Structures are given as structure tokens and as C-alpha cells.
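Just so it is clear: chains get the letters A, B, ... in the order the sequence lines come, proteins before strands, and each one is counted from 1. Fair warning: this is a prediction, and the values are worked out from it, not measured in the lab.
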Amino acid sequence: MEWRDQGLIIGVRRHGETSAIVELFTSERGRHTGLVRGGRSRKMQPLLQLGNSVHAHWHSRLDEHLGTYNLEMSRSRAALLMESPTSLHGLQWLCQLLRLSSEREPHPVLYQTAMIVAEHLSDAATCGALMARFELGFLSELGFGLALEECAVTGSNQALNFVSPKTGRAVCDEAAEPYKARLLPLPKFLVDTTFAVEHDDLTKAFALTCFFLERNIFGPRAQAIPDARGAFVSGALEKMAENSLTHPQQNVF
Amino acid sequence: MADRVAGPEIERLIQLLARLPGLGPRSARRAALHLIRKREELLAPLSDALVVARERIVTCSSCGSIDTSNPCTICRDVRRDSSVLVVVETVADLWALERAKVVNGHYHVLGGTLSPLDGIGPKDLNLSNLTERVSDGVKEVILAVNATVDGQTTAHYITDILKGSEVKVSRLAHGVPVGGELDYLDEGTLSAAMRQRSIV
């Protein structure tokens, strides 16, 4: 058995004295692990860093075996992301999320969005909004998608400013009026990409995704949301506040 | 054919030697034979040294390094510059810096790096007394951690911890190693080297 694909490195574990078990998130096969012989060598260490993109050649005698990877760098990203703590926390959080996906199950859309997020993690203006969108997309890929296209009560697609925590469906202003205190605010940029992202919107977006990630992904696994997310969110919000002072009306998309 | 060619004591010796880094069953067999052949010159002093190591080696309560005394030799050395504290991941890194004789300060051994994948958090590292040590006359903290994602995450975490103090925090440069040819370097190292270029 063998295949070739593009992949993002999302995990590396030592194996024995010289090898490593590498976890890739590939474009056609989703999360896939394999053994890299000599993975702890001086030559391979710069390649086997989280966030790097690789050309992967996987082969094994049987499909269900761990198999062996031959990897070649296609985009070295780790060194750039190491410069800023927010980028590093974002990378750790991105990899932690991707590691929760089922093994060997293709998620081509998730792969594409993960690559966009990884590419922009060092961009202070866009990384927060992209991550919030990615978290929504991740929930959707794992079967917990939010229905944000129309109001759950009236069917309207106007003034959708709230989300029901029970159903994960959008609620318009009119229908939300009596229940506002119990609903989660929905920032406009999550529904319409043409909207500029403000600091408050990003705070609301992260609060929204945090609620559903906790309830649907981490809660059932009896895990807390990793610290890397909190560190990334506060870093991204801080950078956005600094950015909005220097470029008040900038649209990040 | 019998599996064993020697008594259980020799087999046990081979099994234990095979657990050492760099040794497999075959090389462990060769090492065991060599030790047995040089019983007086090598085996006896080695076994004595192992007994002494087992009984006397302790972890330094101040820096986290290993030595036969607590505080360790480096922490007790009054000729060292007490205003410089070098933070390293492991004792092996400390020894590497000491071999290179590039810094004359004191050390702080973390005992690893933050690694969400392996479930290693701040509580698993030797960070509890770091701020206390820094407040004791230290002017510069050098973060000599590995240039890996986990290493740099740890470096940023320590920088955050020390943000409130007056101390200067620096880290090792990333870039072209001595003897390295640009053609063979990965793009990440090249870009780090270019960003951190210095004026000559």
C-alpha cells in the first residue's frame, strides 16, 4: 500500500532513539500517522516541526499498519511562527483541534481552511477572525455545525444577531427580544464575510465558539479547553486593539 | 538449539546494558563481553562508580541540575556571575554550554518543555522557584531553550512570567550554524537568519 499527498504536521512523538511518529493532516486522507525513520536526526529536526507543510509519501505492507513516511518540506512555517507568542499559541491550538478529528477520515474543506489559518497566524490583523471562522468550520465538520443562515423562529435572514445555545441556530433581533439574556451574541462577520471585524465582534465570536466547543467537543471527552486557546485569544484581541488604534476602519477581508 | 548461551547473571547484564541509549542487544552483548574480559580494570571500577552514583547523586534544590552535593558545584561557585541566569531545558543542555565555555553565569534547568501533545504543563516543569531566583540580584535571564515549537512556547511562557520584573530577558539567536552551507539549509532557518542578521 502506498500513497502521496500534501500534509500539515500536527504532531511529532519520539519513537526509540532515532525515529519519530509523525501525525499529518493531509488533504485527501485527513489525520494520518506514520513512522519517520531517522526522524530525530539533525537533518530531519527542522522539518519535523508543527505547522510545516510537507509532501508525504506513505507506504506499508497492509493498509491498517502504521506505515512509514518519507517527507519532504513544501512550506517551512514553524520558524516564522516561533517569533511571536500569539502565533505559537495559535499554532498549538490549531494542531490540537486537528488532532481531535477522526483518523484516516478525509476532511478536504477543513484541510483547506487549516492551511489558510496556518498561513496567516503571523498576521495580527486577520489571525483572530480566521481562527474564529475555523472553529465554526471545525464544529461543522465534526457534526456540530451552527445554522446561521436564517432565524430559527421567523425564518428571516435579516438582523441575525443572536444564537440559541440550545439548538445552535441563529435568532433575529425581533424574536430574540424576550430571551436576550439567555442567547449568545452573533457577530456579523461570522455570517457575512464583507463585514469588517471589530474588537467587540471578535470577543463575541470567540465566546460563541468557546461555548459550543466546550459543550460538544471537550465536555463529552471530560477535558477542559486547552490553555493554548485562551493564550491565543487574549493575544489576538490585544493585537486587534493595537491595530484598530492605528488603522481604525480597516476591513481585514 | 538453546536460546541461552550463558548463565542468567550474564544474560541479565546484557539485558540491562541493552537498555542504555545507543546500545542494542548485539552491542550490549559485545559490551558485556568486554567488561567481563577486563574485569579488574573496567568492571570493578564501573560497578563501584555506579554504586556511588546511585547513592550520592541528587538534584540541586536551587537550579534543578544533578550533582553529588546540594546545592550543586555551579550554584556554590562564587566566581560565577550571579547577575546572569541561563535557563536550559535539560542537564545535557547545561553540560553542552559548560563544554563550550560561553557563559559564566548560573543556570536554571527546567527538566523539559511545555508540550500539549505530551500533556506537559507549567506545573510539570521546574518553574516554581524561578521568579524567586530572578528577584535575587539577577539582571539578565538568557533563555537557552531549543529552537523547536515546544521550546519557543516555553520561552514565551517564561518571558510572560518575568514581565513584571526589572530583569532583561534575552534568547539565543537562530540562524546559520558554523560550517553550514546555505544551499543545504531549510527555508525556516534561512528566513530566521535573514531576519536576525547583524551589521558588520
Side-chain angles (χ1 to χ4, degrees), chain A residues 9-14 16-18 20-23 40 42-54 71-100 121-122 223-229 231-232 234-235, chain B residues 18-25 27-28 90 112-125 143 145-163 169 171-181 184-196:
Chain A
I9 297 179
I10 59 169
V12 181
R13 286 171 196 272
R14 291 174 170 193
E17 283 175 40
T18 56
I21 293 177
V22 176
E23 214 168 347
R40 291 181 60 194
R42 204 179 291 176
K43 186 187 155 201
M44 292 297 286
Q45 286 281 10
L47 190 154
L48 298 183
Q49 294 297 319
L50 298 191
N52 283 342
S53 287
V54 289
L71 302 177
E72 204 176 299
M73 185 94 83
S74 65
R75 172 88 173 93
S76 173
R77 219 174 268 119
L80 179 68
L81 298 179
M82 281 178 200
E83 297 294 311
S84 137
T86 307
S87 312
L88 263 184
H89 293 311
L91 177 65
Q92 297 269 20
W93 171 232
L94 179 73
C95 293
Q96 279 173 331
L97 275 183
L98 292 173
R99 281 201 294 269
L100 293 174
L121 276 174
S122 54
Q223 289 175 3
I225 289 192
D227 296 338
R229 186 186 189 268
F232 171 75
S234 53
Chain B
R19 287 196 205 168
L20 296 176
L23 292 185
S27 41
T90 60
T113 51
L114 298 175
S115 175
L117 180 61
D118 300 319
I120 300 171
K123 283 178 189 163
D124 303 307
L125 302 182
L143 300 173
V145 290
N146 291 337
T148 60
V149 169
D150 289 343
Q152 293 307 303
T153 306
T154 312
H156 289 305
Y157 180 79
I158 294 170
T159 311
D160 277 350
I161 292 177
L162 300 177
K163 218 167 228 173
V169 182
R171 63 164 202 189
L172 299 186
H174 301 160
V176 184
V178 174
E181 295 177 34
Y184 292 98
L185 287 181
D186 67 289
E187 298 90 328
T189 308
L190 275 175
S191 95
M194 196 53 87
R195 279 196 305 277
Q196 292 170 33

Next item on the list: Please determine, among Cys95(A), Ala228(A), Ser84(A), the option with the most heavy-atom pairs under 4.5 Å with chain B.
Entry: Ser84(A)
Notebook entry, point to check: Do Glu23(A) and Val12(A) have side-chain heavy atoms sitting under 4.5 Å apart?
Noted result: no
Check: Between Ala147(B), Gly121(B), Gly22(B), Gly151(B), which has the largest tally of heavy atom pairs under 4.5 Å with chain A?
Finding: Gly22(B)
Next item on the list: Please look at Arg99(A) and chain B and tell me whether the side chain, the backbone, both or neither of the residue comes under 4.5 angstrom of a heavy atom of that chain.
Entry: side chain
Item checked: Arg229(A) and Gln92(A) side chains, donor-acceptor separation under 3.5 Å -> no
Checklist line | Structural part of Met82(A) lying under 4.5 Å from a heavy atom of chain B | finding: both
Margin query: Taking side chain as everything from C-beta outward and backbone as N, CA, C, O, which of these in Leu80(A) sits under 4.5 Å from a heavy atom of chain B? Side chain, backbone, both or neither.
Written below: both
Check: Pro226(A) versus Pro116(B): any side-chain heavy-atom pair under 4.5 Å?
Finding: no
Notebook entry, point to check: Does the side chain of Leu125(B) reach to within under 4.5 Å of the side chain of Leu114(B), using non-hydrogen atoms?
Noted result: yes
Margin query: Tell me which of these, Ala231(A), Ser76(A), Gly51(A), has more heavy-atom pairs under 4.5 Å with chain B than the rest.
Written below: Ser76(A)
Item checked: Contact winner vs chain A - Asp118(B), Thr148(B), Leu190(B), Asp186(B), heavy-atom pairs under 4.5 Å -> Thr148(B)
Note to self: Is Leu91(A) close to chain B through its backbone or its side chain, or both, or neither, when contacts mean heavy atoms under 4.5 Å?
What the structure shows: side chain
Next item on the list: Please tell me if the side chains of Leu47(A) and Leu71(A) come closer than 4.5 Å, counting only heavy atoms from C-beta onward.
Entry: yes
Item checked: salt_bridge(Glu83(A), Arg195(B)) N-O dist < 4.0 Å -> yes
